[in-house]
**Q** 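This is the structure I want to talk about, given as structure tokens.
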Amino acid sequence: MAHPLPGRLWRALYFQYGIKLNNVFDTQIAYTLLKEQHGKKWVPDDYISFVDLLADERYCGVVYDEKEEVRVLLRKDPQFWAHRPWTVMMKRVAADDVRFLLRIYERMVKSLTELSKWRLSVRSSLYCQCFCAGDDCFLGCPLPPPPEQLINGELLQEEVLAVVDVPSGKMGLVIGRKGSSILSIKQCCRADIFIGGQKGPPDKIFVIGAVKEVRKAEAILRGKFLPN
């Protein structure tokens, strides 16, 4: 069974503990695919928060107000989770972050089509690989093959991961004022585009999506910092 994870928890595991994952069931990606199944138009960066996912009655239906309280405390004290001993509330919130995942996983799996399950598996694998794309553990790591019953019945688009190296001092040109430049690229290329940020490689941009859209995004991104 794939391991259900909320959003980008795999990113924290890699950067804080060096743990590299595979065979992950990414709940944010699953939620996006379920919306597409119901005819929702694709929108860049349209991710659901873990709190909102828990509150969705189709998948869990649990109100998690305490999580917001912890977020406020964390903004005031970035070392909040480093304090010892943990309070009762800290223990309860840490447990709640994982104890509902199997329920969400089981309900999502029942709603996903075979095609969506395959797309979820591919995208989750690509996300897990992106930050450690240069590590030996992922060299030649194959992506999940499409289900046999869909090979002839559906038009399956290959999805890939591209890592764009940004020259020193040029990231601001790519992001633009208040993120306007990179947002415009996301809107014209149907691909997920994100940067390492504070906890990732500051000089790299990651692009995940169908081959055609990824290549288009790569060309536009490089045009932002390559000399004319």
Side-chain angles (χ1 to χ4, degrees), residues 1-38 40 43 45-132 137-138 144 192 194 196-200 206 208:
M1 182 185 74
H3 303 288
L5 289 178
R8 302 293 170 255
L9 179 57
W10 49 264
R11 186 185 303 179
L13 289 172
Y14 177 69
F15 285 114
Q16 293 182 33
Y17 303 105
I19 297 173
K20 301 159 189 172
L21 303 178
N22 198 16
N23 194 31
V24 167
F25 184 101
D26 190 306
T27 53
Q28 280 190 341
I29 298 174
Y31 189 87
T32 299
L33 289 168
L34 286 166
K35 287 176 62 178
E36 291 181 9
Q37 281 184 195
H38 291 90
K40 298 292 184 180
V43 178
D45 298 336
D46 185 24
Y47 299 117
I48 188 170
S49 71
F50 186 48
V51 172
D52 290 339
L53 179 60
L54 284 175
D56 193 317
E57 294 184 355
R58 293 171 297 178
Y59 308 114
C60 195
V62 173
V63 178
Y64 199 3
D65 292 335
E66 207 165 37
K67 183 72 170 181
E68 186 56 40
E69 295 177 25
V70 170
R71 286 176 177 170
V72 173
L73 293 171
L74 192 59
R75 283 193 290 268
K76 293 180 180 178
D77 179 11
Q79 299 300 314
F80 173 79
W81 288 112
H83 297 314
R84 296 294 186 274
W86 276 11
T87 64
V88 172
M89 182 188 74
M90 292 168 74
K91 294 176 182 177
R92 186 167 57 245
V93 170
D96 285 347
D97 275 353
V98 296
R99 71 187 182 99
F100 298 110
L101 285 176
L102 283 178
R103 184 193 306 183
I104 294 171
Y105 168 81
E106 290 168 355
R107 294 184 179 183
M108 283 184 158
V109 164
K110 289 181 181 179
S111 301
L112 288 165
T113 65
E114 289 303 310
L115 179 57
S116 291
K117 289 177 184 176
W118 172 70
R119 287 176 171 158
L120 169 64
S121 182
V122 171
R123 291 182 195 177
S124 295
S125 294
L126 292 173
Y127 272 104
C128 286
Q129 292 178 28
C130 64
F131 286 107
C132 45
C137 67
F138 280 125
D192 290 337
F194 51 98
Q198 294 180 343
K199 295 184 178 180
F206 305 95
I208 293 176

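Residue indices begin at 1 and follow the sequence shown.
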**Q** Atom CG of Leu33 and atom NZ of Lys35: how far apart are they, to the nearest 0.5 Å?
**A** 11.0 Å

**Q** Please examine the side chains of Ile104 and Leu54, heavy atoms only from C-beta on, and report whether any two atoms are closer than 4.5 Å.
**A** yes

**Q** Keeping to residues at least two apart or across chains, list the salt bridge (charged side-chain N to carboxylate O under 4.0 Å, His left out) pairs with something in residues 53-63.
**A** Asp56-Arg58

**Q** Please confirm whether the ring centroid of Tyr127 lies under 6.0 Å from the ring centroid of Phe194.
**A** yes

**Q** Can you tell me how far CG of Asp192 sits from OH of Tyr47, rounded to the nearest 0.5 angstrom?
**A** 3.0 Å

**Q** Is it true that atom NE2 of His38 has more than 12 heavy atoms of other residues, nucleotides or ligands lying nearer than 6.0 Å?
**A** no

**Q** Look up atom CG in Leu34 and atom OH in Tyr59, then write down how far apart they are to the nearest 0.5 Å.
**A** 4.0 Å

**Q** Once you round to the nearest 0.5 Å, how far does CZ of Phe206 lie from CG of Leu126?
**A** 12.5 Å

**Q** I need the Tyr105 OH to Leu102 CG distance, nearest 0.5 Å.
**A** 8.5 Å

**Q** I'd like to know if Lys76 pairs up with Glu69 as an ion pair, taking the criterion as any Lys NZ or Arg NE/NH1/NH2 lying under 4.0 Å from an Asp or Glu carboxylate oxygen.
**A** no

**Q** Is the closest side-chain heavy-atom distance between Tyr64 and Leu53 below 4.5 Å?
**A** no

**Q** Output a table of donor-acceptor pairs, distance under 3.5 Å, between side-chain atoms of residues 106-113 and any protein atom two or more places apart or on a different chain; print 'none' if there are none.
**A**
{"residue": "Ser111", "atom": "OG", "partner": "Arg107", "partner atom": "O", "Å": "3.3"}
{"residue": "Thr113", "atom": "OG1", "partner": "Gln37", "partner atom": "OE1", "Å": "3.4"}
{"residue": "Thr113", "atom": "OG1", "partner": "Ser116", "partner atom": "N", "Å": "3.1"}
{"residue": "Thr113", "atom": "OG1", "partner": "Ser116", "partner atom": "OG", "Å": "3.2"}

**Q** Roughly how far, to the nearest 0.5 Å, is the CD atom of Gln28 from the CG atom of Asp46?
**A** 10.0 Å

**Q** Please find the pair of heavy atoms, one from Trp81 and one from Trp86, that lie closest to each other, and give the distance.
**A** O-NE1, 3.3 Å

**Q** If I compare all heavy atoms of Leu120 with all of Ala30, which pair ends up nearest, and what's the gap?
**A** CD1-N, 3.6 Å

**Q** How far apart are the closest heavy atoms of Met90 and His83, and which atoms are they?
**A** CE-O, 4.1 Å

